Every structure is written in structure tokens, then in C-alpha cells.
Student: 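Take a look at this one; I'll ask things after.
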Amino acid sequence: MNGARQTAIFLNRPSSTVHRPPSTVYRLPSTEKTMEYRPNDIEPKWRNWWKENQVYKVDNQSSKPKYYVLDMFPYPSGAGLHVGHPLGYIASDILSRYKRLKGFNVLHPMGYDSFGLPAEQYAIQTGIHPAISTEQNIASFRSQLENIGFSYDWSREVRTSDPKFYKWTQWIFMQLFNHYYDTDADKALPIAELVARISQSGNAAVHAVCDDDTPTVSAAEWNAMSERDQQLLLLKYRLTYPGEAYVNWCPALGSVLSNDEVKDGVSERGGHPVERKLMKQWNMRITAYADRLLEGLDAIDWPESIKEQQRNWIGRSVGASVRFAVEGHDGIQIEVFTTRVDTIYGATFTVLAPEHELVQRLTTEAQRAEIDAYVRWAASRSEVERMAETKKVTGAFTGAYAINPFNGERLPIWIADYVLAGYGTGAVMAVPSGDQRDWNFATQFHLPIVPILDSQKDLDQAADPTREGRYINSGIINGMTWSEAVPALIRWLEENDLGKGKTQYKLRNAVFSRQRYWGEPVPAYWKDSVPYLIDEQDLPLVLPNIDKYLPTETGEPPLARAEGWNYRGCEYELSTMPGWAGSSWYFYRYMDPHNDREFCSKEAAQYWQQVDFYLGGSEHAVGHLLYSRFWNHFLHDLGLVPHREYAKKLVNQGMIQGRSNFVYRAKEQFFEEYLMLKVLKPFLSDMGPMKIAEPGFEEAIQYDFAFEINDLVIEVTSWKQEDKITRVRQAAQSDGKRLMVLYSEALIDQINNPEFIADKIREALDSREPFIIATERPRCEQLFVSHSLLYKYSPEAFTKLHVDVGLVESDVLNIEKARTQPLFGKANFKTDPNGQYTCSWEVEKMSKSKYNVVNPDDMVAEHGADCFRMFEMFLGPITDAKPWNTQGISGVSGFLKKFWGLFFPDQDTFSVTDEEPTRDELRVLHNCIKKVTDDIERMSMNTCVSHFMIVTNELRRLNCSKRAVLEPLVVMLAPFGPHIAEELWHRLGHPTTVCDAVWPMHNEEYLKSDTKDFPIQINGKLRATVTLPTDVSAADAEKAALALEQVQKWLDGKPPKKVVFVPGRMINVVV
RNA sequence: GCGGGAAUGGCGGAAUGGUAGACGCGUUGGUCUCAAACACCAAUAACUUCACGGUUGUGCGAGUUCGAGUCUCGCUUCCCGCACCA
């Protein structure tokens, strides 16, 4: 479709753009005939209209292509939204509305990850059931969202804490329990198939992901096992299973935390200490999917930083495991994992983790005392200490020797805490020439360092981990390169049964239990210490009510308090699921939110396929975003979802930072400096020089000020410091001085009136009174000094304090408002000469404690939702962190007024004409269509807003109020400012919503202009411009350029070396 | 230490290798007003010049190119992530 025809459609048949079935009847709200742009009138009107007419309801069937836009699942916190939160929602809303205008059937849902710790902590404090507080939080969250005019289909809202929702979380858990990961099939298979295979032929030939300690059983042995033993064996295969594991136990929270909920040894939420504790926990065998989760990253369009974090977390390393014999201990072998098996000839010692199980058996009697002491010391150190002291090299020698399988050399066996028990086998072969940690250790303990590559350099300075060059001192691989050596060594190891090639992961199975109340109950019960699932027909297993939300006296989870919490006489599992359970699959529930037979119907999943665009913060990089990919791979294995990866594209929105304002409270030092500077200095000449307290001053007490030719001394102090006043008074008496006490508070009262104090001092100087002190109690207690005056005083004279940004406008404190706050109740302000108090500012995280939180409701109330939406986008690129500055919103507000004004050319009536647009007007319009379309496609919303401003300014200049130009603009504006667009769309005479209009297309023809100002460069620098026909030929352009006086000046009579002409662009003359 | 990203006016930020600083804020001046607010108009990178103009400018240093904010190489600083991970 070309642009001309597009325009014609708008002119003649606006109703052709409507996709609603004809049966849909819209009742139109009354349209006022006012000219003024009043967002507070039109916005609520259209929000109601949208709701009444179900404008945002989405069907699961359509002839249109589908598009699924998803916002990351929010936790409905009680704190409410600040302006940073809706940033991503606005961007995704714009994209959704744009896609709809482009003819897509768009799914854009919203719901709540409504299980979680904060509601439970609140319940513990207040006794209020988490369901109630959560409900309230959701209500306020929802009202804040609705205020902004999002196009969510609220009929699809979901909540993880709703039994209708968590029924299916429990159901998926049951599927995980009922499946194992078969490495031959490379997917999850039913556990029943495993049982059938084992009972036929044992498990020796089964290649499956299972616990390390899974025994090999024959069919006969299996069939002879008791039911209980069989179940215990199967647990070693199931994708979710209870197991003893060291977990991050947080006593303060009474719960286990996952690794990503622990930061620097304390809990991420609340910062409570976390300890390692062995507990029975449900686990998810995510390690089965480690490889697939890694490979899957290559197929999805996600930010590189997120992918990299997930790769790090999975931590795949390819290497070899090698078994070392131990001298004098037949039958004992030390297994090590190495990624650099090629360096094995450079191994000069081995190191075990202090916790390694062989340490006690290998230690010789001579070394026992030393080893025991080291083990004890290492065990006593906390994680934090260990992390802090990574530079310190410590260790102890066991007295035993391992044998290098390749060359038979004796390698002393050491223990050291730089080897971690939890990674690999807890033992390393140490190659000091290639590994810096080994090098540090060898240097410390005088162990040999043997070079193994001819390219290694400076080994007396540091290890050189290079792989370049050829091997030396290396037995069977001498002379080989790295890529030749590795397979040769692995082949040798495997032939001699001393090791094998192996891939290792840092990723651990994920702990899935929380000793908490406010989460999904695990649909399992315990019989004979073996877990069984409840029947599927008994789902959902509804969370019972309990009297208190705390662990029992015996330390059992809160669910142990529930009456009758058992299933067919057996106790239910007492822990609940973690926060990531519901969020690992919620995106499917939106597709089919009310289905009570399936978590999502096949048809719905088939229609919506996967998320096309996922928008959210980067803080969920390894929590939610990795676990949800894991569950999705599993659901895909079961044939329940169409794709291995559920989100095609992911974008992280950047944080909106706060702009904090600061005030400066004067300390005592300020008053001394102030008195000197503003009061005393002016009459120095009258009174002679003055002595100020300083070293070498002879009096017993250092007075703040003393006059040389007058016996008066002045002390500046708070009236509250009675002791000090008494002391100084006594000292003055014995020194024979007259004392004037100036209350610092009195100075505050008169801070903008230095003459007042000066007069007092003059009086004092003239009088003969021995003790001069004010009798009135001062009114003010604190002084705040304007930021612009600070440079006159020492920085130490002030305390810098956050001030609520609500009291500040354009960095000027609203003193009247401020006085109503406790902080400023008894304060005075030292202001600039114009009477203003200026604040300094800094960019910080937006948070309550920094008093820089801005509430979107306030922005909407003052400027309207459309303005707020567009300003959020205007701040900068969606992915960047950027500071919020409310001041700038006036620019967007002004733009909307101007845009509105285009429709009211004679000031007071809405009128657009059906005149043919001029060429200029068409160029302006089509340029805007092209730019905005391109920019939305690349999520550059900030530049879209700029283009709208530009087009509005230009049309104002052209006095254009033609339908053919303005109507397409209304459609383009609709995703950004849906309310104003809807209002104008209806005023333009359309009975149906602007959401169902058609996005305009640009026509290149209109973008061209006949002439252009060509820049003329001399040697690449701009020196002149010349107006030429846009399609001017190279020869003509050159002629025109050289004819210019400006150019001749630079040529200086000589012919140009070369002339570069870029058609339609520019001319560069090389001199 | 490893990995990723960034650096452009007073501020937020624009610029398919082709007129650096679009757009907006702020600031300054003007119009309107008794006045203020709003609104509107104009100026606004720095230095220099009465002016025309000139010089310098995208963290620093080289390079490629007729031409570099953009590409290449080497640094600096900041932010984010990971971290005795064998």
C-alpha cells in the first residue's frame, strides 16, 4: 500500500479501519466542546469507556497474527509504586498498542506473584492473614496501574496464591516427581518407564541423571526389594526429590534460602546472617538440564549480560577426571577434576580441601598434630572471613604422597582451604607453572615449579596459564600443541582406566523447600519416611489456616500447626514451595486463565506459542529467568508446550534513579565563622585587631573571640549548654575579662539581619557590664544554610541532610511547606539575597530513606496519565539507568497542549478541514511516520516522543489543521498517549476506539524535497553550505561548490586535489 | 582477577562512516501583565572577534579514511555481574 492511498482511506472511510465484529455496540461518552486540554476530564472518561466496552479483551482465536507481550510478574508489595516501576509497563504497553494498530492480535496480561515473604513477615507481626494483606496490596497496586491507562486484559489477571492457580503449580510439581531425565533420549521420561526397565534388566544400562551414590541393581535385586527400598531408589532419579543437603539456613527468617537469595553471606531481604545447615529438603534436579539451558541461550534474543550471568551460574567446564594412587595405601585413590589435563606433567603436588574425607586416613603420625590444627582452624572460619582473606596462603602437609599416573612421580599431598570441598571432587592436582593459586602456594611452601610449555615466560614472577607453544618436560605429549595433547592424554587415561574426559557444572540442584507458611503446599505426604504424591483428583491441596505464622516449639515449619494436616492418615509435607514455583510457568496461565481441566489448553498454547517480547528488570537474571527456562524445557519434554524456550526476546529496563535534595544544618563552628565574617570583621578597624581561639593563646580558657584593646570576650554557644556557660563565666572572672555570651540560637533568629547582632556587640563594647547575656529564650533551634552560601564557610561547619523532594521545586526549598515538618519546625533559614533557600542535589537510588521517592499518582494528578507516560519514555533509552527529574515534565506537558491546539485553529472550536495537504505538510507527516515506526520497532521510545514534538512544532508553523495530516498523527500518538488520542479520534468523528485504527505507512515520495542545503567541507571540515537541487549531478555540484567565495578562499588560487561528492548528501573538497 | 557495558553542553539525551549537540529541561533577554504565574518569541558548547569570521571541541593516545562520536589498536575512569570454580 502506498502512502497516497493510505491517506485516501483516512479521508474517505475512517470506519474501514475497525476490526470489531459489527454486533459490538459502543456507547459514546459525551464530548465536550471545550478547547482547553484538560487531561483530568478526558482521561477518567475514556478509561471508563474502555472498561465498559471491554476494549482490551483479547480472544484466543483470530485471523490476525498473534503477538504476546509480557511484563515481569510483580510482587504486590505494600509500599506502592514509585515512578521507576511503571517504566517497563509503559514501554510494553506502547509496543502492545502499536502491534495492535499494525494488525496483530496482542496478548498483554498482568497478574501477581502473590506468595512471598513480606506478607508473611507482616502476618507474624500483626496476626493478619497474608491472604488479607495481599488482597489489599493488590487492590492498591491495581488502582495505581489503572491510573496510567494500560491496555491490560484484566479478565486474564492471575495470582499465584489463588488455589485455582496453584492447583496447577502443584500439578507440575507432580509431573516433575513422576519423571526422570534419560540421557539417551535426552529428555524427561515417565518414572513408570524407568521402573519397567529396571524390573526387566536392572539399571546398569540405564543412562539417566541421578544421585552420585545411586547403586547398580540387577532386575532380580530390584524385584526382591521392598516397596520402601524401591521408592528410595527411585528418589535418586526423580526430577524433584527430598534429600539431605547443606542449605542456607537463615534463623532470623526461619527459612531456607536459595543461593541467589544470599548475598555476601547474609540474606538478600533483610540482611540477616545465614548459616550452612544440613537439612532434609525438596530439590529440583535442574542439573539434568544444565547443558540444554546453556545451549538454549544461543537460540534466544536476550541481553548478553543476562545470558552471561546464566552461563556463569551454570558454570560448565570441560576437562578430565584423573585418579591418583597414593603411596603406601593400596585401594585409595584421589580423584581430581581438571580443565587443564594438558598440564599434568607440571603437577608437583596435590591439594585436598581440609574437609576432604581422605584427610584423616592419609595423614602420617608425624604430621597429624599439624593437620588436625589446620583442619580445626579452617572449620572455624566463616564464609565471609574466607572470602576476605583470599590473598593469604595457608596449608599443611599430610606426610603422604600421591603418584602421578603419567610419570610415576611422587607428589606431596597437602591440605589447604583454597581448595573448596563443594566444587569438583574437593581435590586438585597443583600445577604451579600454569595456575596462579598453585604458584602462590608453591612459592609460599618452597615446592618445585616445572615449566611445561616452551612459551611460558617469567615463571619466577607469576604463573603463566598460556596454551600456546609446544609441550616440554611432558612425557608422551612432548612437542605437541594443546589441541593435540588433550585428546592424547584423555585417550591414555581411558585406556588405562585411570580417568576420563568429563564435563562439570557449577550449577547445583535447586532447593525447593521453604519452612514457611505463605507458599504453595507441596502435594505430597509421608508414609514410612517415603514421600508419595496425593491423587491428582485431590488437587488443589489448599493451604490450611493456622493460629500463628511461626515455626512450632520443636522447630517444625508453620504448617505443623494446622489441624488435621494429613492425607489418608499420613502427614503431609510441612514445607511449602519457594517464590519461584508459580513464576516459573505463569506465562502459560495467561493464555488460558480460567481453565480448570488443564494448566493451559493445548489449543491456547498452540495459538499463542511463546512470549514474543518479555520486559523486566535484570535483577531476576539467575533466579526467575533460569528456573522458568528449566520448567519450560521440562514441560516441553512432556509435549505440553510448543517451544523449548518460552520467551523469544527479552529486554531489561534500566532503573530510574532518584534525584535527592540536600539541606545543610549549621554546626557550632558555623556560628563562630559567621560572627567573624559578617559581624565582627566590619568593625575591626574601630576596635583594633582581635584574638580568636587558636593554639598559643595564653588564657586558661580559649574564648571564641577576644578584643585586644577592650576587655570584652565573646563566647558563642547554645543556650542549652548551661554548664559550659558557667565554666566560661568563672574563667572570665578570674582572667579579669568581661564576658558576652551570644546564644547561637539568637544568631539563628536574626540570621538574615547581621546588623542586629552587630549593634548588640557594639553596646557590649561600650558598656562596663561584666556579664552580658540575653534574657529572652531564642525561638529557633536549628539553622539551615542555603547551598549557594556554603562556599564561604568550612565544609565541617555543616551537616548535610536529605530533604523530602516534595518540599523542593527546581532545587529551591519551599520554606513555608518545610516548616510544617518536624525537621524544620524550630528552624530558621539563611537564604540567598533573593530570599530563596537552594538545595544541592545528587543522583541516588530511589528509596524512602533518601526522601526522593516520586509517586506516579501525583504525576498523573498534576499532569495527566498521557503526559506521565510520555515523560517516562522521554527520559532516555529504555534499557539505560537514568535519573528522574520532575522538572522536565513541563516539556511534555507543553507538547500535549500544543498538539491539542492543532485541532483548535481558531482558539475555541474544534475544527479540522478536509483540504488537500500541501507538499510541505505531507513531508512533515511522512517523515514522522517513518521515524516513529522505525523507532518503535527498535524500542527507541524516547526519540519517538521527540519526533512528535518536532512534527507538532512544524505543523504549528505551517498553520496546518487538516484531517489528512492530523488523523494519522492521532493514530500514531495513540500508543503513547491513549487518552488524548481517543478523545481526538472521537472528535474527528469516529464512533469506535482508536485502538482498532490502522497504523499509517509512509511514502518515500513525500520525503523528498526539490532542493537541499548541501554542506561543503574543506578537508572534512564544514566551511559553507550551498542550496542545490536534491538530485544534482556530481559535476554540477562540484562546479557550484568551487564557485563559492568561501571555497575559493581556501583554495588560494590552486586547483583542488580531489572533490568527493556524496549524492544527495554533501560535497568535500580536498585542498 | 575474569566477563559485560558505558564515557557527548549546566542537566536528561540525539546523531545508516557524511552539517556533532536533534528534542526537552535549565539559564538569559524580550512580548503580554499593575505585578506574578501561564503563554509566546529569541539566544544558549567553549574560546576569540564591534562584526564578518576564526580556533578548539564527543574520557586519553595512536591508526584507517577525502571525511571518525561512530571503525581498528593501546590506555584511563565509572557502572554492573561473577569470583580461591581447579
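Note that these values count all heavy atoms, side chains included, but never hydrogens, waters or copies made by symmetry. Note on naming: letters A, B, ... go to the chains in the order of the sequence lines (proteins, then strands), and numbering restarts at 1 for each one. Keep in mind that this is a model prediction, so the values were computed, not measured.
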Student: At under 4.0 Å between heavy atoms, what does A/Lys898 touch on the DNA or RNA strands: base, sugar-phosphate, or nothing?
Tutor: sugar-phosphate
Student: Would you please test A/Glu1038 and A/Phe1061 for side chain to side chain contact (heavy atoms under 4.5 Å, CB included) and show each step?
Tutor: CA-CA 8 Å; A/Glu1038 183 173 336; A/Phe1061 174 68; over 6 Å; no
Student: Over how many whole Å does the gap from A/Lys1057 atom NZ to B/C66 atom C1' extend?
Tutor: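 Between C1' of B/C66 and NZ of A/Lys1057: 10 Å.
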Student: Between the side-chain atoms of A/Asn1068 and the base atoms of B/C66, is any donor-acceptor pair under 3.5 Å?
Tutor: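 Yes, the side chain and the base share a sub-3.5 Å donor-acceptor pair.
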Student: For A/Ala430, answer base if it contacts any base atom (sugar-phosphate contacts may also be present), sugar-phosphate if it contacts only those atoms, and nothing otherwise; contact means non-hydrogen atoms under 4.0 Å.
Tutor: nothing
Student: Checking ring pair (Phe, Tyr, Trp, His ring centres under 6.0 Å) for the pair A/Phe445/A/Trp414: CA distance, chi angles, key distance, verdict?
Tutor: CA-CA 10 Å; A/Phe445 294 104; A/Trp414 287 67; 4.7 Å; yes
Student: Considering only side-chain heavy atoms of A/Ser890, which listed nucleotide, B/A14, B/C85, B/G26, is closest?
Tutor: B/G26
Student: Just name whichever nucleotide pairs with B/U55, Watson-Crick or G-U, keeping both distances under 3.5 Å, else none.
Tutor: B/A46
Student: In whole Å, what separates the P atom of B/A68 from that of B/A62?
Tutor: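 Their P atoms lie roughly 14 Å apart.
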Student: Between B/G1 atom P and A/Asp438 atom CG, what is the distance in whole Å?
Tutor: 19 Å
Student: Considering only side-chain heavy atoms of A/Lys1058, which listed nucleotide, B/C66, B/C84, B/C82, is closest?
Tutor: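 Looking only at side-chain atoms, A/Lys1058 lies closest to B/C66.
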Student: With rounding to the closest Å, how many angstrom separate the P atoms on B/G21 and B/C66?
Tutor: 25 Å
Student: Is A/Arg1065 side chain donor-acceptor paired with the B/U19 base, going by distance under 3.5 Å alone?
Tutor: no
Student: Taking the same atom, P, in B/G81 and in B/U65, what whole-Å distance lies between them?
Tutor: 42 Å
Student: Under 3.5 Å for both donor-acceptor distances, Watson-Crick or wobble: does B/C78 have a partner, and if so which one?
Tutor: B/G5
Student: Just call it for A/Gln309: base, sugar-phosphate, or nothing, with non-hydrogen atoms closer than 4.0 Å on any strand.
Tutor: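 Answer is sugar-phosphate: A/Gln309 comes under 4.0 Å of backbone atoms only.
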Student: Quick one: A/Ile1018 CD1 to B/C66 P, roughly how many Å, whole number?
Tutor: 17 Å
Student: By the 4.0 Å heavy-atom rule, please label A/Thr425 as base, sugar-phosphate, or nothing.
Tutor: nothing
Student: Between A/Thr394 and A/Val1069, just flag the one whose closest nucleotide in RNA chain B comes earlier from the 5' side.
Tutor: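 Closest to the 5' end, via its nearest nucleotide, is A/Val1069.
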Student: Does A/Asn1019 make a side-chain N or O approach to OP1 or OP2 of B/G67 shorter than 4.0 Å?
Tutor: no
Student: With respect to the side chain of A/Pro877, which nucleotide from B/C85, B/C23, B/A14 is positioned closest?
Tutor: B/A14
Student: At what distance, to the nearest 0.5 angstrom, does CH2 of A/Trp900 lie from CG of A/Asp866?
Tutor: 10.5 Å
Student: B/A83 pairs with which nucleotide, Watson-Crick or G-U wobble, both distances below 3.5 Å?
Tutor: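 WC or wobble partner does not exist here.
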Student: When the P atoms of B/A22 and B/G74 are compared, how many Å lie between them, rounded to an integer?
Tutor: 34 Å
Student: A/Trp841 CH2 to B/G12 C1': how many Å, rounded?
Tutor: 10 Å
Student: OP1 or OP2 of B/U55 versus the side-chain N and O atoms of A/Arg1023: is any pair under 4.0 Å?
Tutor: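 Result: yes.
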Student: Say you pick atom P in B/U77 and the same atom in B/U64; how far apart are they, in whole Å?
Tutor: 28 Å
Student: Counting any heavy atom closer than 4.0 Å, what does A/Arg659 reach on the DNA or RNA strands: base, sugar-phosphate only, or nothing?
Tutor: nothing
Student: I need the A/Asn652 CG to A/His620 NE2 distance, nearest 0.5 Å.
Tutor: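 Rounded to the nearest 0.5 Å, the CG-NE2 separation comes out at 10.5 Å.
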Student: Taking the side chain of A/Lys1012 as its heavy atoms from C-beta onward, which of B/C66, B/U19, B/C84 lies nearest to it?
Tutor: B/U19
Student: Among B/A14, B/C84, B/C23, which nucleotide sits nearest the side chain of A/Ser946?
Tutor: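 Of all the options, the side chain of A/Ser946 is nearest to B/C23.
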Student: How many Å lie between CG on A/Asn885 and P on B/G13, as a whole number?
Tutor: 11 Å
Student: Expressed in angstrom and rounded to an integer, what is the separation of A/Glu844 atom CD from B/C79 atom P?
Tutor: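 Atom-to-atom, A/Glu844 to B/C79, this comes out as 14 Å.
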Student: Per the ring pair (Phe, Tyr, Trp, His ring centres under 6.0 Å) rule, which among A/Phe948, A/Phe871, A/Phe899, A/Phe895 passes with A/Phe976?
Tutor: A/Phe948
Student: How long is the gap from CZ on A/Phe337 to CE on A/Met429, to the nearest 0.5 Å?
Tutor: 11.0 Å
Student: From B/G18, B/A22, B/A39, pick the nucleotide closest to the side chain of A/Val1062?
Tutor: B/G18
Student: Can a cation-pi geometry be assigned to A/Arg659 and A/Trp841, taking NZ or CZ under 6.0 Å from the six-membered ring centre and within 45° of the ring axis?
Tutor: yes
Student: So does A/Asn953 get a side-chain nitrogen or oxygen closer than 4.0 Å to the phosphate oxygens (OP1/OP2) of B/G24?
Tutor: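 Answer yes for this pair, as a side-chain N or O of A/Asn953 is under 4.0 Å from OP1 or OP2.
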Student: For A/Ile889, which of A/Met870, A/Glu872, A/His863 qualifies under side chain to side chain contact (heavy atoms under 4.5 Å, CB included)?
Tutor: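 For A/Ile889, the side chain to side chain contact (heavy atoms under 4.5 Å, CB included) check succeeds only for A/His863.
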Student: What contact category does A/Lys882 fall into here, base, sugar-phosphate, or nothing, at under 4.0 angstrom with non-hydrogen atoms?
Tutor: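 Since only primed, P, OP1 and OP2 atoms lie under 4.0 Å of A/Lys882, the category is sugar-phosphate.
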Student: What's the closest nucleotide to the side chain of A/Thr338 if the choices are B/A86, B/G13, B/U19?
Tutor: B/A86
Student: Mind checking if A/Pro303 touches a base, just sugar-phosphate, or nothing, with heavy atoms under 4.0 Å?
Tutor: nothing
Student: Please measure how far the C1' atom in B/A43 lies from the corresponding atom in B/C25, and state the result in whole Å.
Tutor: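 These two C1' atoms come out 16 Å apart once rounded.
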Student: Is B/G9 in the syn range, within 90° of 0, or in the anti range?
Tutor: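 Here B/G9 takes the syn form, which means its glycosidic angle is within 90° of 0.
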Student: Between B/G13 and B/C73, how far apart are the C1' atoms? Round to whole Å, please.
Tutor: 29 Å
Student: Using whole Å, what does the distance between atom C1' of nucleotide B/C38 and atom OH of A/Tyr37 come to?
Tutor: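 About 17 Å, once rounded to whole Å.
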Student: Heavy atoms under 4.0 Å, any strand shown: does A/Met1066 hit a base, just sugar-phosphate, or nothing?
Tutor: base
Student: Any strand counts, and the cut-off is 3.5 Å on both contacts for Watson-Crick or G-U wobble. Which nucleotide pairs with B/G63?
Tutor: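 Looking at the geometry, B/G63 pairs with B/C71.
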Student: To the nearest 0.5 Å, how far apart are CG in A/Asp438 and OG in A/Ser433?
Tutor: 9.0 Å
Student: Could you give the distance separating B/A46 and B/A51 at their P atoms, to the nearest angstrom?
Tutor: 15 Å
Student: Rounded to the Å, how far apart are A/Ile1016 CD1 and B/G67 P?
Tutor: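 My rounded result for the distance is 17 Å.
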Student: NA contact type, A/Val1070, heavy-atom cut-off 4.0 Å: base, sugar-phosphate, or nothing?
Tutor: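 The answer is sugar-phosphate, as A/Val1070 gets under 4.0 Å only of primed atoms, P, OP1 or OP2.
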Student: Mind checking if A/Asp880 touches a base, just sugar-phosphate, or nothing, with heavy atoms under 4.0 Å?
Tutor: nothing
Student: Test A/Met941 against every option in A/Leu875, A/Ile94, A/Asp935 by the side chain to side chain contact (heavy atoms under 4.5 Å, CB included) rule and name the one that passes.
Tutor: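 Only one option passes, and that is A/Ile94.
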Student: If B/U31 has a Watson-Crick or G-U wobble mate with both distances under 3.5 Å, name it; if not, just say none.
Tutor: B/A39
Student: With respect to the side chain of A/Lys506, which nucleotide from B/C82, B/G26, B/C23 is positioned closest?
Tutor: B/C82
Student: Considering heavy-atom distances to RNA chain B, does A/Thr1025 or A/Gln887 have its closest nucleotide positioned more toward the 5' end?
Tutor: A/Thr1025
